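The structure under discussion appears below in the form of structure tokens.
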Amino acid sequence: MRSIWKNPIHFIAFGFGSGAIPFAPGTWGTIAALPIYFLIQDFSLSLYLTLLLLATGFGIWICDVTEKDLGVPDHSGIVWDEIVGYLCTMILAPKGWGWILLGFILFRIFDILKPWPISWVERHVKGGLGIMVDDILAAVPAWIILQMLAWIILF
């Protein structure tokens, strides 16, 4: 695992090292998304989505490379997918710590529970694409609930 600290691809795939924390690496990876979200939350929707698309494509590649290098399918320390999943959850989220925390909780719930079809995708889609897609799918219901709550509370 020393490659995490020596190989920049592994370091990024491990969420800048957050995935190396031995307990709850997915949660720590999601926490690692918070500074990124703070940097991009005020971007225009088109720029935010463009960066998200680039982060997804880049993530498929770095997760695939890291998985192959480590020889472990979907290693729990690979958390770039959590970073992208959280950023997907936060598309058009209202401003404020409450919304940031709610998005975090919702994303973690769906990422941990993996209801169908997320669980099916996790079992059947392999490599970097599989690592990324199940977390992006976990972000979909989290995003929907976050947006519904925002609409109910703010409008």
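Please read these numbers as outputs of a predicted model, since none were measured by experiment.
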Any pair counted as salt bridge (charged side-chain N to carboxylate O under 4.0 Å, His left out), so long as it reaches residues 15-40, sequence neighbours left out: none
Show the nearest heavy-atom pair for residues Ala139 and Gly85, with the distance to one decimal. CB-O, 3.2 Å
Nearest-0.5 Å distance that lies between atom CE in Met132 and atom CD1 in Ile83: 9.0 Å
Please answer: with hydrophobic residues joined when any side-chain heavy atoms are less than 4.5 Å apart, are Val79 and Trp5 in the same cluster? no
In terms of relative ring orientation, are Trp120 and His124 parallel, tilted or perpendicular, with 30° and 60° separating the classes? parallel
Of the options Glu122, Glu67, His75, which is the one that meets Ile131 in a side-chain contact (heavy atoms from CB on, under 4.5 Å)? Glu67
Give every donor-acceptor pair under 3.5 Å between a side-chain atom in residues 141-155 and any protein atom, sequence neighbours left out.
{"from": "Trp143", "atom 1": "NE1", "to": "Ile91", "atom 2": "O", "distance (Å)": "2.8"}
{"from": "Gln147", "atom 1": "NE2", "to": "Ile91", "atom 2": "O", "distance (Å)": "3.1"}
{"from": "Gln147", "atom 1": "NE2", "to": "Leu92", "atom 2": "O", "distance (Å)": "3.4"}

Sequence neighbours excluded, which residues qualify as side chain to side chain contact (heavy atoms under 4.5 Å, CB included) partners of Leu137? Ile118, Val121, Val133
Between CD1 on residue Ile109 and CG on residue Leu113, distance to nearest 0.5 Å: 7.0 Å
Under 3.5 Å donor-acceptor pairs involving side-chain atoms of residues 9-16, not counting sequence neighbours:
{"from": "His10", "atom 1": "ND1", "to": "Ser3", "atom 2": "OG", "distance (Å)": "2.7"}
{"from": "His10", "atom 1": "NE2", "to": "Asp69", "atom 2": "OD2", "distance (Å)": "2.8"}

Taking C-beta and beyond as the side chain, do Ser18 and Ile31 meet within less than 4.5 Å on heavy atoms? no
Going by side-chain hydrogen bond (donor to acceptor under 3.5 Å, both in side chains), name the pairs with one or both residues in residues 96-114, residues two or more places apart or in two chains. Thr27-Arg108, Arg108-Asp111, Asp111-Lys114, Lys114-Asp134
Side-chain donor-acceptor contacts of residues 45-57 below 3.5 Å, not counting sequence neighbours, with atom names and distances?
{"from": "Ser46", "atom 1": "OG", "to": "Ser44", "atom 2": "OG", "distance (Å)": "3.3"}
{"from": "Tyr48", "atom 1": "OH", "to": "Leu87", "atom 2": "O", "distance (Å)": "2.7"}
{"from": "Thr50", "atom 1": "OG1", "to": "Ser46", "atom 2": "O", "distance (Å)": "2.7"}
{"from": "Thr56", "atom 1": "OG1", "to": "Leu52", "atom 2": "O", "distance (Å)": "2.8"}

List in chain and number order the residues that pass side chain to side chain contact (heavy atoms under 4.5 Å, CB included) with Leu39, two or more places apart in sequence or in another chain; answer none if no residue qualifies. none
What residues, two or more places apart in sequence or in another chain, satisfy salt bridge (charged side-chain N to carboxylate O under 4.0 Å, His left out) together with Lys126? none
Here the gap from Ile136 atom CD1 to Asp81 atom CG, rounded to the nearest 0.5 Å, amounts to 8.5 Å
Please give me the minimum heavy-atom distance between Ile4 and Ala20, naming the atom from each residue. CD1-CB, 4.2 Å
With sequence neighbours excluded, give me every salt bridge (charged side-chain N to carboxylate O under 4.0 Å, His left out) pair touching residues 145-155. none
Report yes or no: do Trp80 and Tyr86 belong to one cluster of Ile/Leu/Val/Met/Phe/Trp/Tyr joined by side chain heavy-atom distances under 4.5 Å? yes
So the salt bridge (charged side-chain N to carboxylate O under 4.0 Å, His left out) pairs with at least one residue in residues 12-39 (sequence neighbours excluded) are none
Leu34/Ile100 under side-chain contact (heavy atoms from CB on, under 4.5 Å): CA gap, chis, key distance, verdict: CA-CA 8 Å; Leu34 295 176; Ile100 290 167; 3.7 Å; yes
Could you please spell out the steps behind the side-chain contact (heavy atoms from CB on, under 4.5 Å) verdict for Phe104 and Met90? CA-CA 9 Å; Phe104 181 92; Met90 298 306 290; over 6 Å; no
Just jot down the salt bridge (charged side-chain N to carboxylate O under 4.0 Å, His left out) partners of Lys95, sequence neighbours excluded, or say none. Asp42
Could you note down all residue pairs passing salt bridge (charged side-chain N to carboxylate O under 4.0 Å, His left out) where residues 27-40 supplies at least one of them, sequence neighbours left out? none
